Protein chains: 2
Amino acid sequence: MLNYSASEENYIKAIYRLQRQDGTVTTNELAHELKTKPASVTDMMKKLKLKKLLRYQPYQGFRLTQEGGKVALGIIRRHRLWEYFLAEKLKFTWDEVHEVAEDLEHVSSKKLIDKLDEFLGFPRVDPHGDPIPDAHGRMETSKKIILTELPAGTPAVVSNVINQSTAILELLEHKKIIIGTRLEVKKKFEFDESLEIRIGRQPAFTISHQLAENIFVQLV
Amino acid sequence: MLNYSASEENYIKAIYRLQRQDGTVTTNELAHELKTKPASVTDMMKKLKLKKLLRYQPYQGFRLTQEGGKVALGIIRRHRLWEYFLAEKLKFTWDEVHEVAEDLEHVSSKKLIDKLDEFLGFPRVDPHGDPIPDAHGRMETSKKIILTELPAGTPAVVSNVINQSTAILELLEHKKIIIGTRLEVKKKFEFDESLEIRIGRQPAFTISHQLAENIFVQLV
DNA sequence: AAAATTATTTAGTTTTGTCTAAATAATTTT
DNA sequence: AAAATTATTTAGACAAAACTAAATAATTTT
Ligand SMILES: [Mn+2]
Ligand SMILES: [Mn+2]
Ligand SMILES: [Mn+2]
Ligand SMILES: [Mn+2]
């Protein structure tokens, strides 16, 4: 597998993420995601097409090729292993890891990453609950549902938090919700879409729709 | 302290290393050290001068300013901490650490490095025996002498190996010489400048001038 | 179906870091 | 002290990655 520049890697990773949702990715979406200009996206897309990492016809959207997908998984593996390292070994808080991992992910020594993986004990998920691809690019694909769509009375476990800001971390810490927390929705209120939830045998409490939207759970 | 590009950092580090030896650094020396062309060096020197990291008059040599020296120590700190991490935690061998650290050193989060330092237990020297600057840029300055200049009969401890190749590591492992080994020169042979040395109470053995040149020791 | 709006691409610049070839300065040899 | 050699700088080009402004294509509104 060839080596790509940090810039190319950031584009590849963004396309991978966006195409999970929409199937195909547009110029404007990418420009917005990467905080760059549409014209810059077009330039880079031509380059990545030439390198056979993606397919696209002018004015249609982009899609990674099989090879492009493999490259993306490699970058995501590096990113999430570093995040795990920062949180677990260096005691970074949850909201601090992403920014640093955004740089570390571009150091591409295969040996470094495989040894790091081993040192960390082959973790399956990063500090936000996102799965870490293994050395062959395989990763866990457990069915996760948004907390807002969990039916009342169904026990579930928090598996993933999307938003990685300091603000959401503060709130989650206050509410004592972390990845792995087992909870149940008691009631859904139509007016403001807030949820009443219960953790274990503790008294139930309320969380806002905005918060619930960012929490994914798995059925148990 | 501002942020510098990987390229600028590699130049700064190289100047720092070379000026330790010669006091001042020339265009050709730098070009050779960095495997680049003299014209590229001149370009970069203008840039670093503009940023007040070095002093130079055309056709004289270069010297880092005080600020330039501080920046250099920061890069060296990152480089050596990563080398220590790779060797100690990830079990890289001695000859493999430098190349990877050459990339990792350019990830410049201060918090990352200070936490890494703490995680590693504030190590004083990297795997080759070179001192690691602390968070304030201070580092050990123990007097080291080349093994070829150690007088016969004076006990000393191996503190440092300059050459970092796989080849020298193989030889040192075979001879059971590592950093920290206590030894004594028994005899120096004029003909080929080979040395007879003894480790502890074991039988004495011979090492070549080429090998001895790359080993530094400290008196005990 | 035209017109208006929105999305995307193209054209032309800019910055950073590199290179080759040519010019000039400094040093060494004769 | 010239001449020859070596070191350094300058001039001009190039590639990567970004940007702005203008052109064009696609979509939506009227
Ligand atoms: Mn992340
Ligand atoms: Mn990144
Ligand atoms: Mn090194
Ligand atoms: Mn480097």
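Only heavy atoms go into these numbers, but all of them, side chains included; no hydrogens, no water, no symmetry mates. In the text below, chain A, chain B and the rest are named by the order of the sequence lines, each starting its count at 1. The shown structure was predicted, so the numbers you read here are calculated from the model rather than taken from an experiment.
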| Secondary structure of DNA chain C in dot-bracket form (Watson-Crick or G-U wobble, distances below 3.5 Å, | marking inter-strand pairs) | ||||||||||||||||||||||||||||||

Nearest-angstrom distance from the residue atom [atom1] of [X] to [atom2] of [N]:
| X | N | atom1 | atom2 | answer |
| --- | --- | --- | --- | --- |
| B:Lys51 | C:dT15 | NZ | C1' | 11 Å |
| A:Asn10 | D:dA16 | CG | C1' | 15 Å |
| A:Tyr4 | D:dA16 | OH | C1' | 16 Å |

Compare the minimum distances between each of [options] and the side chain of [X], then state the nucleotide with the smallest one.
| X | options | result |
| --- | --- | --- |
| A:Thr42 | C:dT18, C:dT9, D:dT9 | C:dT9 |
| B:Asp43 | C:dT18, D:dT10, D:dA25 | C:dT18 |
| B:Lys46 | C:dA26, D:dA25, D:dT10 | D:dT10 |

| task | Residues of residues 27-40 of chain B with any non-hydrogen atom less than 4.0 angstrom from an atom of DNA chain D: list those, numerically ordered, please. | result | B:Thr27, B:Asn28, B:Pro38, B:Ala39

Salt-bridge test for [X] and [Y]: reply yes if a basic N is under 4.0 Å from a carboxylate O, no otherwise.
| X | Y | value |
| --- | --- | --- |
| A:Asp117 | A:Arg77 | yes |
| A:Lys111 | B:Glu96 | yes |
| B:Arg80 | B:Glu105 | no |
| B:Glu29 | B:Arg17 | no |

| message | Would B:Lys49 and B:Tyr56 count as a cation-pi pair here, with the cationic atom under 6.0 angstrom from the ring centre and within 45° of the axis? | response | yes

| message | Testing the 3.5 Å rule here: is there a donor-acceptor pair between the side chains of B:Asn28 and B:Thr26? | response | no

| message | Determine whether the aromatic ring centres of residues B:His79 and B:His98 are separated by less than 6.0 angstrom. | response | yes

| Any residue meeting side chain to side chain contact (heavy atoms under 4.5 Å, CB included) with A:Ala212, in chain and number order, not counting sequence neighbours | A:Leu147, A:Thr148, A:Leu195, A:Ile207

